K.L.:
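First the structure, then my questions, so here it is.
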There are 2 protein chains.
Amino acid sequence: MSTQAKPRQVKLRDVAQAAGVAVGTVSRVLNANPTVTEAVRRKVQAAIDDLGYEMDVVAQSLRGGTTKMVACAIRDFDIPQFATYIKEAERIFRENGYTLLLSSTTNQPDVEMALLRAFERRRVDGIMMTISDEGHAGVTKALAEAGVPVLLIDRDHIGTLDRVTVDHFGGARAATQHLLGLGHRRIAMLVGDLKAFPSRSRVEGFRAACAAAGVAIDPGLLRERVLDQEDAFRETMALLSLPDAPTAFFVAAMDTLGGSLRALRALGREVGRDVALVAGSDSDLAELYSPGVTAIRWNLAEMGRHAATMLLERMRGEAPATSRALKLPTTLVIRQSCQAVTPGNRD
Amino acid sequence: MSTQAKPRQVKLRDVAQAAGVAVGTVSRVLNANPTVTEAVRRKVQAAIDDLGYEMDVVAQSLRGGTTKMVACAIRDFDIPQFATYIKEAERIFRENGYTLLLSSTTNQPDVEMALLRAFERRRVDGIMMTISDEGHAGVTKALAEAGVPVLLIDRDHIGTLDRVTVDHFGGARAATQHLLGLGHRRIAMLVGDLKAFPSRSRVEGFRAACAAAGVAIDPGLLRERVLDQEDAFRETMALLSLPDAPTAFFVAAMDTLGGSLRALRALGREVGRDVALVAGSDSDLAELYSPGVTAIRWNLAEMGRHAATMLLERMRGEAPATSRALKLPTTLVIRQSCQAVTPGNRD
DNA sequence: GATCAATTATGAACCGGTTCACCGCAACTT
DNA sequence: AAGTTGCGGTGAACCGGTTCATAATTGATC
């Protein structure tokens, strides 16, 4: 008896027929509706087990209007920091019966808008994403019209949406203060796209620290749009080749430390001795490199947990009408990559 | 005119009414059915654009039986190697109109079986996954009864399913030969769970190389079930504390190098000088550590690309009836972490 | 101008659940 | 005994598309 073969998908009506009840009754049993007798419930359950019935979520979604799916779109999957974030968020969603739907935006507004449309067509119950440009009219319009709750990941400037952010400003300021305190005056900074919150607030933190110390910033040492390790390699090479090269590097962009380290290695500069180095995000590489690379750290698992929880509450209508923002604190993990500037180090 | 506000979701019948045609006709226009006049097509398209109609994929899926969703379940997201794989696979699927659905199996058969049931309920068109134990009766049964194409990621022993695998055997053998060639005889090996293909074939490669060289394996130096960096740290600490500690470490398990490096650092052993080290998978850390860590490498992007393509072909019925297996080659990237055994290094 | 064939549009059934107005029946009133 | 209440189950409408048998229209032919 029971689940053998599986000649044809068992449907609700088959269960109803086997149990000798109406389809509506089986549905009520499945949804634990209290208006059903224990005797009937047992009889139906027996038929369900016997036939090996599995609910068709697509049909359920059509009628119910809710799909129990949450979409997540980020710039690029293989940024380890995002992976940790998503891992934790997915766990929360899974435990709550939601399925995660994943896409890369490749940091292009067109793709972001197309994805939002696709998510709408798929009728996801909620969306969690990063956007490449908080000022992009098309994207902000699409977000506003989404029709389902949207939570921005480490993005800001759209006050009507829930968001989880990181205190990059504080992190960058602390990192810069650290370098300034060691005597560095020519500090190069590598950041991503200033159209998005993280890089923007990192630069603000950098500027704030420099301003507080009365140190002027050489615009030639501030390199933006550094999005991957190749960019970081190229910019670091260029900066090191300057006639008046920087004594310190603040590699602030996500997951770009490797590129800078390769450039330093290629030109034979030793971290800590020839040049000071701070990473904008922590990693195994930063920790285990010799010397250890001072880095800005925050709790990514907690970020994913909170994001998922906030979105769940919003989807369930448990959240307040106003948008909620969570800002995670950062700490500067000081390692051995930054030494004081030696007097004769530079002319 | 055109998409303003959005008072209520526009449905197919609304478009039909606006264009003055039957709903079936609008459907035919949307599906580019050739039996529709250019004049009607244009009229309907105008109504679609004017109303800002967006198809409801859930309803489409219910009738059509196909959801254009592919599920991907892996042990753990934040293993960088998987991230690269998934990134590439997702791109292929997205370009082909498929949406990726992601879950963690947490390496537990129960979860794997539950996920397979959940995927079935969601009516995904295909599944791509790793499993924790290729011999697990419940899981293999669930896979066989899946009802949709399943592709195994770096798993074997289930001949009826498509799969992409890596030549871990060859990689492990080459790595071991390398260590043996440098004079190492007491080689510790850290692998994951032998119930799954990768660790099993790595151990086989290790044994093959040792056997060919006539070197006996000390069972005490073979540590299995090393699944994360904490495990690797613990086992490495234990091995280094042995009265007759190994002179070389083959840290073969995925993404565990960091744990071993921390242990070596904690005990003050220097890689390359005090102990030789080979990693079972390559990474930024292996490349940029000082000294660079010799590692086994394969093309993860290609792996993801092939997996997605194979699954797409299978879903479209373009694949041959027999299951297909792709085995990616590995290369040993030799860096500076393995020196020859110095005569007085060990008694 | 009538007949037939080919082309194009129609509308209802269908996918597989959920929901709700309604009905049957037993218990409770007076 | 007739009327009322309320619990438990029924069955049909509904969600929003797709599909196909059928109808309507057009064009060709005699």
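The sequence lines fix the lettering, A, B, ..., with proteins before strands; numbering per chain opens at 1. On a predicted model such as this, the values are computed, not experimentally measured, just so you know.
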K.L.:
Kindly compute the distance separating CD (A:E90) from OH (A:Y98), expressed to the nearest 0.5 Å.
P.N.:
14.5 Å

K.L.:
Please report, rounded to the nearest Å, how far the P atom of D:dG17 is from the CG atom of B:D14.
P.N.:
9 Å

K.L.:
Looking only at side-chain N and O atoms, does B:Q60 come under 4.0 Å of OP1 or OP2 in D:dG16?
P.N.:
no

K.L.:
Tell me the interatomic distance from B:L62, atom CG, to C:dC14, atom C1', rounded to whole angstroms.
P.N.:
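Rounded to whole Å, this separation is 9 Å.
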
K.L.:
Would you call A:E88 and A:R91 a salt bridge, taking side-chain N to carboxylate O under 4.0 Å as the test?
P.N.:
yes

K.L.:
How many Å lie between CZ on B:R123 and P on D:dG17, as a whole number?
P.N.:
17 Å

K.L.:
Please report how far the helix from C:dG1-D:dC30 to C:dT30-D:dA1 bends, comparing the axis fitted to its first five pairs with the axis fitted to its last five, to the nearest 10 degrees.
P.N.:
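Between the first-five-pair axis and the last-five-pair axis there is 60°.
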
K.L.:
How does protein reach along nucleotides 6-13 of chain C, written 5' to 3' as B (base within reach of a heavy atom under 4.0 Å), S (only sugar-phosphate), or - (no contact)?
P.N.:
--SBB--B

K.L.:
Between the side chains of B:R41 and B:E38, is the shortest nitrogen-to-carboxylate-oxygen separation below 4.0 Å, so that they form an ion pair?
P.N.:
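The answer is yes: the pair qualifies as a salt bridge.
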
K.L.:
How long is the straight-line distance from NZ of B:K327 back to CZ of B:R163, given to the nearest 0.5 Å?
P.N.:
9.5 Å

K.L.:
Round to the nearest Å and state the distance from B:Q17 atom CD to D:dG16 atom P.
P.N.:
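My rounded result for the distance is 15 Å.
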
K.L.:
Could you check how far CD of A:Q9 sits from P of C:dG17, rounded to whole Å?
P.N.:
9 Å

K.L.:
To the nearest 0.5 angstrom, please state how far the CZ atom of A:R314 sits from the CG atom of A:L151.
P.N.:
9.0 Å

K.L.:
Quick one: B:L12 CG to D:dC15 C1', roughly how many Å, whole number?
P.N.:
13 Å

K.L.:
Quick check: are there more than 12 heavy atoms from other residues, nucleotides or ligands sitting under 6.0 Å from CD of A:Q17?
P.N.:
no

K.L.:
Under a 4.5 Å cut-off applied to non-hydrogen side-chain atoms, are A:F82 and A:D76 in contact?
P.N.:
no

K.L.:
Does a salt bridge link B:R117 with B:E120, judged by any charged N lying under 4.0 Å from a carboxylate O?
P.N.:
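Here B:R117 does not pair with B:E120 in a salt bridge, since their nearest N and O are not under 4.0 Å apart.
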
K.L.:
Let me know the distance between CG of B:N31 and C1' of D:dG16, rounded to the nearest Å.
P.N.:
13 Å

K.L.:
With B:R123, which residues qualify under salt bridge (Lys or Arg N to Asp or Glu O under 4.0 Å), at least two apart?
P.N.:
A:D56

K.L.:
Just the rounded figure in Å: distance from C1' of D:dG17 to CZ of A:R122.
P.N.:
14 Å

K.L.:
Using only side-chain N and O atoms of A:Y53, determine if any of them is under 4.0 Å from OP1 or OP2 of C:dG17.
P.N.:
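Yes.
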
K.L.:
What residues, two or more places apart in sequence or in another chain, satisfy salt bridge (Lys or Arg N to Asp or Glu O under 4.0 Å) together with B:R316?
P.N.:
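Partners of B:R316 by the salt bridge (Lys or Arg N to Asp or Glu O under 4.0 Å) criterion come out as none, since no residue qualifies.
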
K.L.:
Who pairs with B:K195 by salt bridge (Lys or Arg N to Asp or Glu O under 4.0 Å), at least two apart in sequence or on another chain?
P.N.:
B:D193

K.L.:
Could you please name the option among C:dT19, C:dG16, D:dT18 that lies closest to any side-chain atom of A:S27?
P.N.:
C:dT19

K.L.:
Could you pull out the protein-nucleic contacts involving nucleotides 21-28 of chain C (nitrogen or oxygen on both sides, under 3.5 Å)?
P.N.:
none

